[in-house]
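Notes follow the structure.
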Amino acid sequence: MPKQIRVNAFVLQSPVHQTPGLWRHPEDRSVEYNQLEFWTNLARILERGLFDGVFIADSLGTNDVYGGSIEAALRRGIHVPKNDPLLSISAMAAVTKHLGFGITSNAIHEPPYAFARRMTTLDHLTQGRIGWNIVTGHSESGARATGAGLIPHDERYDIADEYLDLVYALWEGSWEDDAVLRDKARGIFVDPAKVHRVQRRGNRFVTDAVHLAEPSPQRTPVLYQAGASSRGRAFAARHAECIFVSGPTAQALAPLVADTRRRAAANGRDPAELLFFSMATTIVGRTEEEAQAKLTDYRRYIDIEGALVLFSGWTGIDFSRVALDEPVRHQPQSAGIHSALDVFTRTDPDRVWTLRQIAEHVAIGGRGPVFVGSPGQVADAIERWVEESGVDGLNLSYALLPGDYEDFGTLVVPELQRRGCFKPGYAPGTLREKLYGSGRARLPRTHPAAEVRRLLMPGLRELQPAP
Ligand SMILES: Cc1cc2nc3c(=O)[nH]c(=O)nc-3n(C[C@H](O)[C@H](O)[C@H](O)COP(=O)(O)O)c2cc1C
């Protein structure tokens with residue numbers, strides 16, 4: 001059987017995510033991002049299109065590299081205003097049965113004890129459809145906003161390790177499976193002997209309490225992460241089940257994917273169980289001409305300044321001082337994502353990009369590829385991409401919201417299904433079961449969270465039949 005390709009929708013609760021200016025398109029509905037109905041409608045569309053999940057990015061930072069301030073970001077609506085991703089989830093879950101929810105939350109900025117309860121609550125309310133994208137935050141503005149201060153890159157991952165040990169203890173080790181009796185006849189709700197106190201006194205986080213919420217279907221949410229650096233990949237190889245990657249070519253991604261799988265194997269984990277999702281955008285029409293016409297139409301709405309706000313944020317370089325028609329050359333960088341600039345200055349030595357051309361390029365599709373064409377052409381491109389990069393699926397961005405997701409569901413998914421590389425329907429069960437199979441609602445024994453179960457509840461049989 002061909003490899004099954006998975007798909008997440010990649011969104012942000014803001015007027016602009018990856019396609020600056022497209023909110024002005026008459027068919028785009030991003031301006032309604034404040035309305036609950038916008039999100040419930042999107043959830044329905046994604047579930048109709050058999051998307052595995054919706055991944056909602058977030059950060060408490062703002063894009064303030066361009067021009068040295070947030071003025072341009074505000075003017076162009078680039079990631080500001082931006083709402084909290086958590087609060088629309090219950091409503092989106094109420095109108096769907098299967099769609100997974102990957103929510104971004106920062107291990108430096110969110111206090112772990114309260115966060116752990118929020119995730120357990122959502123896992124109950126969604127019947128086990130919650131995932132958590134673990135981020136550590138790279139923006140100075142986020143550090144200033146929260147008072148967390150600027151913490152060096154690798155140290156942020158050390159803090160996240162400590163954070164995870166604490167939340168694993170709350171999720172996996174505080175309540176035994178049969179602690180809740182709900183015994184009306186005896187008037188006993190919980191057996192206190194089966195609820196354990198979690199005591200942690202780490203370098204940064206301290207707690208001495210039981211978890212407040214009873215065990216949810218998955219206990220620990222499905223763990224997502226996007227570590228790209230060496231320390232980040234080590235972190236992902238230890239903790240993550242699903243990993244987000246981004247890159248302009250499949251060849252650039254392949255070694256990153258292979259390296260993280262190798263590291264996971266060295267940790268005693270099954271490397272095939274790490275699922276990689278790479279960023280991509282699809283613009284599809286019933287014919288190639290229709291798709292190309294859409295792209296031409298979308299390009300009329302590109303916001304160059306908005307694109308440069310994004311590009312300055314990724315690279316850490318203030319491009320407000322560079323003339324738009326000047327060629328952009330390689331430059332050493334102290335901060336930011338180096339590859340975001342190198343893609344244009346190093347990949348093809350014969351091609352010189354002007355700043356305007358870079359802005360026009362990143363304005364649709366951001367840092368990932370854009371697949372444009374008929375359903376067959378887009379399906380070909382996706383299959384080739386998955387094959388060459390070694391990823392398991394796509395983290396699908398859009399130019400128009402929600403239209404491009406609707407098109408993907410109605411045009412591309414049936415084509416992929418015909419080729420046998422896309423599920424015919426949803427599997428039953430929790431998000432983790434949909435990803436890994438029935439009986440796998442909870443983390444496997446090989447995951448570090450399982451160690452917490454053994455330490456906190458010595459002598460306890462495994463919480464569920466061993467996978
Ligand atoms: C597809 C994708 C989505 C991401 N989403 C977020 C996000 O929502 N919030 C955030 O703070 N960082 C996000 N990041 C950044 C990563 O968490 C991480 O900082 C980045 O990939 C660099 O990795 P490194 O810290 O190991 O160098 C994302 C990265 C990727 C590739």
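Note: hydrogens, waters and symmetry copies are ignored here, and every other heavy atom, side chains too, is used. Read the numbers this way: they start at 1 and go in the same order the structure lists the ligands and their atoms. Keep in mind that what you see is a predicted model, and the values were worked out from it rather than measured.
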message: So if I apply the side chain to side chain contact (heavy atoms under 4.5 Å, CB included) rule between Tyr224 and each of Asn8, Ile243, Val135, which one comes out positive?
response: Asn8
- prompt: Hey, are Asp165 and Arg200 close enough for a salt bridge, meaning a charged N less than 4.0 Å from a carboxylate O?
  reply: no
- prompt: Would you say Phe277 touches ligand 1, if touching means a heavy atom closer than 4.0 Å?
  reply: no
message: Taking distance alone, with N or O pairs closer than 3.5 Å, would you say Asn395 contacts ligand 1?
response: no
query: So among His79, Lys82, His109, which one has a side chain to side chain contact (heavy atoms under 4.5 Å, CB included) with Ser59?
result: Lys82
- prompt: Is Asp123 salt-bridged to Arg219, going by a charged N under 4.0 Å from an acidic O?
  reply: no
field: Lys/Arg N to Asp/Glu carboxylate O, Arg432 vs Glu241, below 4.0 Å
entry: yes
Nitrogen or oxygen of Thr136 less than 3.5 angstrom from that of ligand 1: no
field: Salt bridge Asp407-Lys294, side-chain N to carboxylate O under 4.0 Å
entry: yes
query: So is Phe10 in contact with ligand 1, going by heavy-atom distances below 4.0 Å?
result: yes
- request: Check whether any heavy atom of His153 sits under 4.0 Å from an atom of ligand 1.
  value: yes
query: Is there at least one pair of N or O atoms, one from Ala228 and one from ligand 1, spaced under 3.5 Å apart?
result: yes
message: Among Ser278, Ala160, Ala226, Ser105, which one puts a heavy atom closest to atom 16 (C) of ligand 1?
response: Ala226
